Amino acid sequence: MDINFNKNEDFNKLQVSDLKRKLLKVYKGGGEKRIEKLHAKGKLTARERIEYLLDSDEKSIEIGAFAGHGMYEEHGGCPSGGVIVKIGYIRGRQCIVVANDATVKAGAWFPITGKKNLRAQEISIENKLPIIYLVDSAGVYLPMQDEIFPDKEHFGRIFRNNAVMSSMGITQISAVMGSCVAGGAYLPIMSDEAIIVDKTASIFLAGSYLVKAAIGESIDNETLGGATTHSEISGVTDYKAKDDKDALDKIKNIVSKIGESSKTGFNRIEASIPTEKPEEIYGILPKLRTDQYDMKEIIKRLVDNSEFEEYKEGYGKTIICAYARIDGWAVGIVANQRKVVKNAKKEMQFGGVIYSDSADKATRFIANCNQKKIPLVFLQDVTGFMVGSKSEHGGIIKDGAKMVNAVSNSVVPKFTVVIGNSYGAGNYAMCGKAYDPRLIFAWPSARLAVMGGSQAAKVLLQIETATLKKKGEEISEEKEQEILKTIEDRYDSQTSPYYAAARIWTDAIIDPLNTRTWLSMGIEAANNAPIKKQFNLGVIQT
Ligand SMILES: CC(C)=CC(=O)SCCNC(=O)CCNC(=O)[C@H](O)C(C)(C)COP(=O)(O)OP(=O)(O)OC[C@H]1O[C@@H](n2cnc3c(N)ncnc32)[C@H](O)[C@@H]1OP(=O)(O)O
């Protein structure tokens with residue numbers, strides 16, 4: 001056992017407690033007062049609605065709980081991006097649920113709300129998962145309309161997706177569960193079927209104030225677009241529910257009758273738990289991101305029976321490639337080894353760094369997994385590709401490019417777990433967000449940035465010093481320290497996993513002990529969407 005095991009364990013457990021504390025705060029959404037206001041109207045909160053809808057809230061995973069974390073403070077904040085997204089089961093059917101949080105500015109859409117809704121639709125599209133929208137939204141958050149209204153990744157894209165998803169045969173069901181105005185009004189009606197709750201829900205393109213201002217008509221919101229109006233006069237909605245629970249029961253009934261779709265056919269056998277204790281991950285994972293550890297010890301605590309078959313074990317050792325099972329599913333693991341290793345020439349290779357041989361091995365392994373229809377799991381703790389003349393002359397760029405090519409063109413689903421560092425092009429080659437992982441989630445120990453804080457500070461300082469030199473000026477020692485500190489501090493706050501999760505660069509920050517559940521549910525989702533494309537690497541440098 002590592003001499004630091006106990007210290008690491010204490011530290012990592014504290015990190016997980018801090019995560020849970022932060023989550024409890026996030027779960028309060030816009031705060032107790034607003035929750036009470038909803039309850040007084042006879043409405044449930046977004047989280048209560050989801051809890052009632054899912055067979056078991058415990059068997060669910062939440063996407064983007066930290067979306068908007070620490071952002072828009074000048075507007076009062078936007079916990080969970082004002083919309084709750086969970087993957088779970090309704091009457092045994094895996095679905096994705098999207099529920100506006102009316103306690104956050106009446107469910108109005110901030111820019112991050114748009115990004116999160118698009119991510120939820122992307123997950124639904126990629127996995128052919130039925131999607132349920134519990135709509136309670138005031139439409140665009142008007143003070144920030146320029147950042148959410150017209151662009152391709154903005155609000156309009158949601159309705160375009162509603163239409164495209166429908167044509168793809170993906171089930172979309174909506175319940176109108178509050179005041180749904182303008183942008184909030186299109187989405188439910190572009191779904192296959194829409195339920196509306198009597199008295200507490202309404203839906204219209206423009207509310208009574210705007211109608212009065214625009215055309216001088218005086219009308220109350222209920223007559224303009226309440227449940228009776230839309231169920232009996234306009235025909236806009238399909239079912240009238242007496243309250244929130246009745247609406248959610250109606251969704252359960254609809255979902256229970258959806259027919260089976262064809263499966264991808266990923267290999268699965270009966271699951272076994274790891275024989276090495278998963279809790280020991282806390283003691284194995286070092287406190288400092290610069291410290292070494294053996295990633296194989298982590299893998300043993302994630303896979304069934306703690307068994308894995310290593311591919312090219314003796315070659316390209318800074319990346320571990322292995323076949324294993326997670327909750328019975330066959331997977332191909334690509335993981336950064338975080339301890340120093342030696343190559344065949346007995347040369348030392350740094351842990352967490354991608355060398356030509358490791359990139360070459362990973363490329364071939366990824367191709368194998370594609371050939372055999374085996375989902376890929378990336379375990380990231382990567383500081384980047386090896387630099388320096390030896391590496392450059394050895395062609396690291398072309399070997400790295402080969403790996404990036406294989407990751408990009410993979411047709412099997414990819415899942416990324418950010419365990420530790422996720423720096424530079426290492427983030428890309430190890431299937432960062434830009435490489436379409438079906439799910440990407442981080443442990444509290446994750447750090448994501450183009451490079452580490454102290455490295456970035458040193459590089460920027462050299463650039464600044466060179467610029468001043470060209471002008472015939474010199475930088476004082478004091479100024480130098482000041483610049484270094486400012487840059488390091490900024491980078492340190494930006495590399496935090498919470499900064500990344502706030503911007504949906506990752507889907508979640510999770511307790512490492514939940515990793516198997518996330519991967520298993522992710523593969524189960526992916527098993528719904530048969531692979532239609534051929535694996536083709538295009539032009540690749542050998
Ligand atoms: C995409 C397209 C094509 C267009 C659009 O979406 S344009 C957006 C149009 N939306 C509206 O005009 C809705 C305006 N809001 C309302 O009419 C009402 O807020 C309501 C009927 C939706 C809900 O009323 P409720 O009494 O339940 O809640 P409020 O107290 O009115 O609001 C709570 C809180 O949210 C702020 N709020 C509400 N809507 C918006 C919005 N669209 N943009 C920015 N802020 C909004 C409201 O000011 C209040 O804030 P405070 O708690 O800070 O006072």
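Note that ligands are numbered from 1 as they come in the structure, with each ligand's atoms numbered from 1 the same way. Since the structure is predicted, the reported quantities are computational estimates derived from the model, not experimental observations.
Closest to atom 17 (O) of ligand 1, if we only count protein heavy atoms, is Val181 CG2, 4.5 Å. Residue, atom and distance of the protein heavy atom nearest to atom 52 (O) of ligand 1 are Arg34 NH2, 2.6 Å. Protein heavy atom in closest approach to atom 30 (O) of ligand 1: Lys37 NZ, 3.9 Å. Of all protein heavy atoms, the one closest to atom 10 (N) of ligand 1 is Ala138 O, 2.8 Å. Scanning the protein heavy atoms around atom 41 (C) of ligand 1, the nearest turns out to be Val140 O, 3.6 Å. For atom 44 (C) of ligand 1, the closest heavy atom belonging to the protein is Tyr141 CD1, 3.2 Å. Closest protein heavy atom to atom 29 (P) of ligand 1: Ala106 CB, 4.8 Å. For atom 53 (O) of ligand 1, the closest non-hydrogen atom on the protein side is Lys105 NZ, 2.6 Å.
The closest heavy-atom contact to atom 3 (C) of ligand 1, among the options Phe149, Phe155, Phe110, Trp109, comes from Phe149. Distances from atom 5 (C) of ligand 1 to the heavy atoms of Gly184, Gly82, Ala182, Gly107 show the closest one on Ala182.
The nearest protein heavy atom to atom 35 (O) of ligand 1 is closer than 4.0 Å. Within 4.0 Å of atom 8 (C) of ligand 1, at least one protein heavy atom is present. The presence of a protein heavy atom under 4.0 Å from atom 49 (C) of ligand 1 is ruled out. There is a protein heavy atom closer than 4.0 angstrom to atom 1 (C) of ligand 1. Distance check for atom 39 (N) of ligand 1: a protein heavy atom is found below 4.0 Å.
Within a 6.0 Å sphere centred on NZ of Lys250, other residues, nucleotides and ligands contribute more than 12 heavy atoms. The 12-atom threshold is not exceeded at OH of Tyr428, counting heavy atoms of other residues, nucleotides or ligands nearer than 6.0 Å. In this structure, Gln534 places its CD atom where only 12 or fewer heavy-atom neighbours from other residues, nucleotides or ligands lie under 6.0 Å away.
Relative orientation of the Phe159 and Phe155 rings is tilted, given thresholds of 30° and 60° on the angle between their planes.
Ligand 1 is approached by Pro143 to a heavy-atom distance shorter than 4.0 Å.
When only interatomic distances are considered, the shortest N/O to N/O separation between Gly139 and ligand 1 does not fall below 3.5 Å.
Every residue meeting the side chain to side chain donor-acceptor pair (under 3.5 Å) condition with Asn253, not counting sequence neighbours, appears here in chain and number order: Arg91.
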**Prompt:** Between Asp244 and Tyr52, does a side-chain hydrogen bond (donor to acceptor under 3.5 Å, both in side chains) hold up when you go through it step by step?
**Reply:** CA-CA 10 Å; Asp244 278 13; Tyr52 184 79; over 6 Å; no

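Annotation: side-chain hydrogen bond (donor to acceptor under 3.5 Å, both in side chains) contacts involving residues 20-30, sequence neighbours excluded, comprise Asp18-Arg21, Asp18-Lys22.
Contact annotation for His75 and ligand 1: no heavy atom of the residue comes within less than 4.0 Å of the ligand. Residue contacts with ligand 1, taken as heavy atom pairs separated by less than 4.0 Å, do not involve Ala102 at all.
A salt bridge links Lys485 with Asp489: the closest approach of a Lys/Arg side-chain nitrogen to an acidic carboxylate oxygen falls below 4.0 angstrom. The residues Glu122 and Arg119 are annotated as salt-bridged, a charged nitrogen and a carboxylate oxygen being separated by less than 4.0 angstrom.
Close approach of ligand 1 to Gly183 (heavy-atom distance below 4.0 Å) involves ligand atoms 1 (C), 2 (C), 4 (C), 5 (C), 6 (O). Within ligand 1, the atoms closer than 4.0 Å to a non-hydrogen atom of Lys41 are 27 (O), numbered from 1 in the order shown. The distance from ligand 1 to the heavy atoms of Ser179 drops below 4.0 Å at these ligand atoms: 21 (C), 22 (C).
For the atom pair SG (Cys95) and CD1 (Ile131), the distance works out to 10.0 Å, reported to the nearest 0.5 Å.
In this structure, Lys59 is positioned above the aromatic face of Tyr89, its NZ or CZ under 6.0 Å from the six-membered ring centre and within 45° of the axis.
Residues Ser208 and Asp220 have side chains that never bring a donor and an acceptor to within less than 3.5 angstrom of each other. Inspection of the Asp511 and Tyr282 side chains reveals an N or O donor paired with an N or O acceptor under 3.5 Å.
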